[in-house]
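Got a structure for you, questions after.
Chain letters run A, B, ... following the sequence lines, proteins first, then strands; residues in each count from 1. Basis for what follows: all heavy atoms, side chains included, without hydrogens, waters or symmetry-related copies.
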Number of protein chains: 2
Amino acid sequence: MTSATASGRAAEPEDTGRRLSSDERRAQIILAALTVFGARGYEGATTDEVARAAGVSQPYVVRLFGSKENLFLATIGFALDRLLGAFRAALAAPDEGGENPVGKRIGEAYVDLIEVRGLHQTLAHAYLLGSHPTIGVAARRGFAEVWRFFRDEMGLDADEARSFLAEGMLISTLIGLRIVDDYGSDPQITELFRACFPNKLPHVLEVLPRSEHRL
Amino acid sequence: MTSATASGRAAEPEDTGRRLSSDERRAQIILAALTVFGARGYEGATTDEVARAAGVSQPYVVRLFGSKENLFLATIGFALDRLLGAFRAALAAPDEGGENPVGKRIGEAYVDLIEVRGLHQTLAHAYLLGSHPTIGVAARRGFAEVWRFFRDEMGLDADEARSFLAEGMLISTLIGLRIVDDYGSDPQITELFRACFPNKLPHVLEVLPRSEHRL
DNA sequence: GTCTATACCGGGATAGAC
DNA sequence: GTCTATCCCGGTATAGAC
């Protein structure tokens, strides 16, 4: 609508003048899509906003992914890969003599993913679209993969896995709610926030406000 | 688009021919809105679909609520009232000699709200819209109210309240995911579902599939 | 590989009759 | 209290040039 540098920036990368390969562009656009879908949801997001956030034109986004729906599917696919990748890395990391057991490491890895803007929110949005003919299927498949990770790779029993998943869903919810915006202003909220991010509070407080989505 | 009885039905009430008061209509429309917003999200839902589900015309829905945004705000307000109402009733219910302690009663009350179609999903959608200027504010306020209920009325400590909330978020997620659609077909999913609805499984399995949202 | 121009449609909102 | 007709904007997708 206005100039290209107006507002939509999100994951806008260093603009080296060089022409990128379409794979590089895809990756770049997916990063941008994560922030936009995360903030607005699947239907609320526009391909134009994604395009501006990525620094390309709207038709090009459609051209590269075929459709908005495909872009969303690619985006949640990427998010799930990152998520499971982070979990596997945390699982493989050294224990440091009981100082940080697996559970704690995985939990922290989950929270650390807030650095990938929009990742948690986009996944949460996808999980709510179970009725959608294609997205619903992909979302269920992804969710089941996470469950499998907890049960088979991490070796939790069903109850432990459930609690883990539950804490994760709460964290995602709080991020999507942007409850961080009220942190400090309302004692209830402050307490709630503290209870949910017992460790890493300062880090979370530093990263989250940065992801401004009021574009 | 086609005839009124085509497909959009959801909470369509007994059609007594009589003219309703606008308050009755509002209530009726909110019920319908719950199912549509729940299935499609705020942006994905259309006022037309809500209208058809309620058996009225699209402009009338807008007329009664002023805007789609207002309709959504009214809808989540209603959902929160029902939620807290159900919690308070469960809190006040008799203990039956340790047979069903408060925690269990509240948990079951939460699950029972699946009978109000779309309630959990709509709230979950609202919670993800923290970036929205008006919806975000309302969602945070509602979430904080629930937290207050757990802490002040129910008397939980911060950690207990957090766990409670977490389990609730997981339940909402599973409902939105419509994981019930895969129950029985995939052993992983079956196990996950069982772990999350330890009691009341038959009831849940009976109610959820009914809420078909592929309209 | 990427853009501009544009077709096309769906959806929220308004006007106004009954 | 409720409808029909309609306006108009915004958003996806396509055509086609560079």
Side-chain angles (χ1 to χ4, degrees), chain A residues 1-8 12-13 15-30 32-33 36-37 39-75 132 134-135 215, chain B residues 1-8 12-13 15-29 32-33 36-37 40-75 132 134-135 215:
Chain A
M1 206 163 251
T2 47
S3 75
T5 50
S7 51
E12 200 151 14
D15 189 345
T16 75
R18 119 185 132 80
R19 215 63 146 278
L20 301 174
S21 77
S22 77
D23 276 0
E24 288 172 304
R25 275 297 189 212
R26 287 176 155 266
Q28 195 173 57
I29 290 170
I30 283 177
V36 178
F37 284 131
R40 308 239 192 265
Y42 171 58
E43 299 277 4
T46 67
T47 54
D48 185 65
E49 197 173 356
V50 172
R52 278 186 285 113
V56 299
S57 70
Q58 180 271 329
Y60 190 44
V61 169
V62 175
R63 166 73 74 106
L64 277 186
F65 291 88
S67 67
K68 180 185 178 180
E69 187 180 307
N70 269 327
L71 171 60
F72 190 71
L73 292 171
T75 304
H132 191 286
T134 59
I135 297 171
L215 312 173
Chain B
M1 207 163 255
T2 47
S3 76
T5 50
S7 52
E12 199 152 14
D15 188 344
T16 74
R18 118 187 132 80
R19 214 62 146 276
L20 301 174
S21 77
S22 78
D23 275 1
E24 287 173 303
R25 276 297 189 212
R26 288 177 155 265
Q28 195 174 59
I29 289 170
V36 178
F37 283 131
R40 309 239 192 266
Y42 171 59
E43 299 277 3
T46 67
T47 54
D48 185 66
E49 198 173 356
V50 171
R52 278 186 285 111
V56 299
S57 70
Q58 180 270 329
Y60 190 43
V61 169
V62 175
R63 167 72 75 102
L64 277 186
F65 291 88
S67 66
K68 181 186 177 181
E69 187 180 307
N70 269 329
L71 171 60
F72 190 71
L73 291 171
T75 305
H132 191 286
T134 58
I135 296 171
L215 312 172

Is there a side-chain contact between F65(B) and T47(B), using heavy atoms and a 4.5 Å cut-off?
-> no
Ring geometry between Y42(B) and F72(B) (parallel below 30°, tilted from 30 to 60°, perpendicular above 60°) =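 The arrangement is tilted - the two ring planes meet at 30° to 60°.
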Would you kindly give the CD-to-P distance between E49(A) and dG10(D), to the nearest whole Å?
->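 Rounded to the whole Å, the gap is 14 Å.
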If you check the Y60(A) side chain, which of dC3(C), dG12(C), dC3(D) turns out closest?
->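 The answer is dC3(C).
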Starting at CZ of R26(A) and ending at P of dT2(C), how long is that distance when rounded to a whole Å?
-> 12 Å
Atom-pair distance (NZ on K68(A); C1' on dG10(D)), nearest Å = 11 Å
How long is the span from the CG atom in L64(A) to the CD atom in Q28(A), to the nearest 0.5 Å?
-> 10.5 Å
Looking at S57(A), does any N or O in its side chain come under 4.0 Å of the phosphate oxygens OP1/OP2 on dT2(C)?
-> no
Measure from the side-chain heavy atoms of P59(A) and tell me the nearest of dC3(D), dG12(C), dA15(D).
->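 Out of dC3(D), dG12(C), dA15(D), the nucleotide with an atom closest to P59(A)'s side chain is dA15(D).
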Pick base, sugar-phosphate or nothing for A45(A), based on heavy-atom distances below 4.0 Å to the nucleic acid.
->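 Sugar-phosphate only.
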Could you pull out the protein-nucleic contacts involving nucleotides 16-18 of chain C (nitrogen or oxygen on both sides, under 3.5 Å)?
{"residue": "dG16(C)", "atom": "O6", "partner": "R63(B)", "partner atom": "NH2", "Å": "3.2"}

Select base, sugar-phosphate, or nothing to describe what S22(A) touches, counting heavy atoms under 4.0 Å on all strands.
-> sugar-phosphate
What is the distance, rounded to the nearest whole Å, between atom CG of L20(B) and atom P of dG1(D)?
->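 It is 10 Å, rounded to the nearest whole Å.
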Which distance, rounded to the nearest 0.5 Å, do you find between the OG of S21(B) and the CD of E24(B)?
->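 Between S21(B) OG and E24(B) CD, I get 3.5 Å after rounding to 0.5 Å.
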Rounded to whole angstroms, how far apart are CZ on R40(B) and C1' on dG10(C)?
->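 Checked: the CZ to C1' distance equals 14 Å.
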May I have the distance from D48(B) (atom CG) to dT4(D) (atom C1'), rounded to whole angstrom?
-> 13 Å
Can you tell me how far the CZ atom of R26(B) sits from the CG atom of L71(B), to the nearest 0.5 Å?
-> 9.5 Å
For the pair made of CD in E43(B) and P in dG10(D), what is the distance, rounded to whole Å?
->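 Roughly 13 Å, once rounded to whole Å.
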Return the nearest nucleotide to the side chain of Q58(A); candidates are dT12(D), dT14(C), dC3(C).
->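 Closest of the options to the side chain of Q58(A): dT12(D).
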Is R40(A) close to H132(B) at the side-chain level, that is, under 4.5 Å between some pair of heavy atoms?
->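 H132(B) does not reach R40(A) side chain to side chain.
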Please determine if a side-chain N or O atom of T46(A) lies less than 4.0 Å away from the OP1 or OP2 oxygen of dG11(D).
-> no
Straight-line distance of K68(A) NZ to E43(A) CD, nearest 0.5 Å |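 Answer for the NZ-CD pair, K68(A) versus E43(A), is 5.5 Å.
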Find the distance N70(A):CG to dT12(D):C1' and express it as a whole number of Å.
-> 13 Å
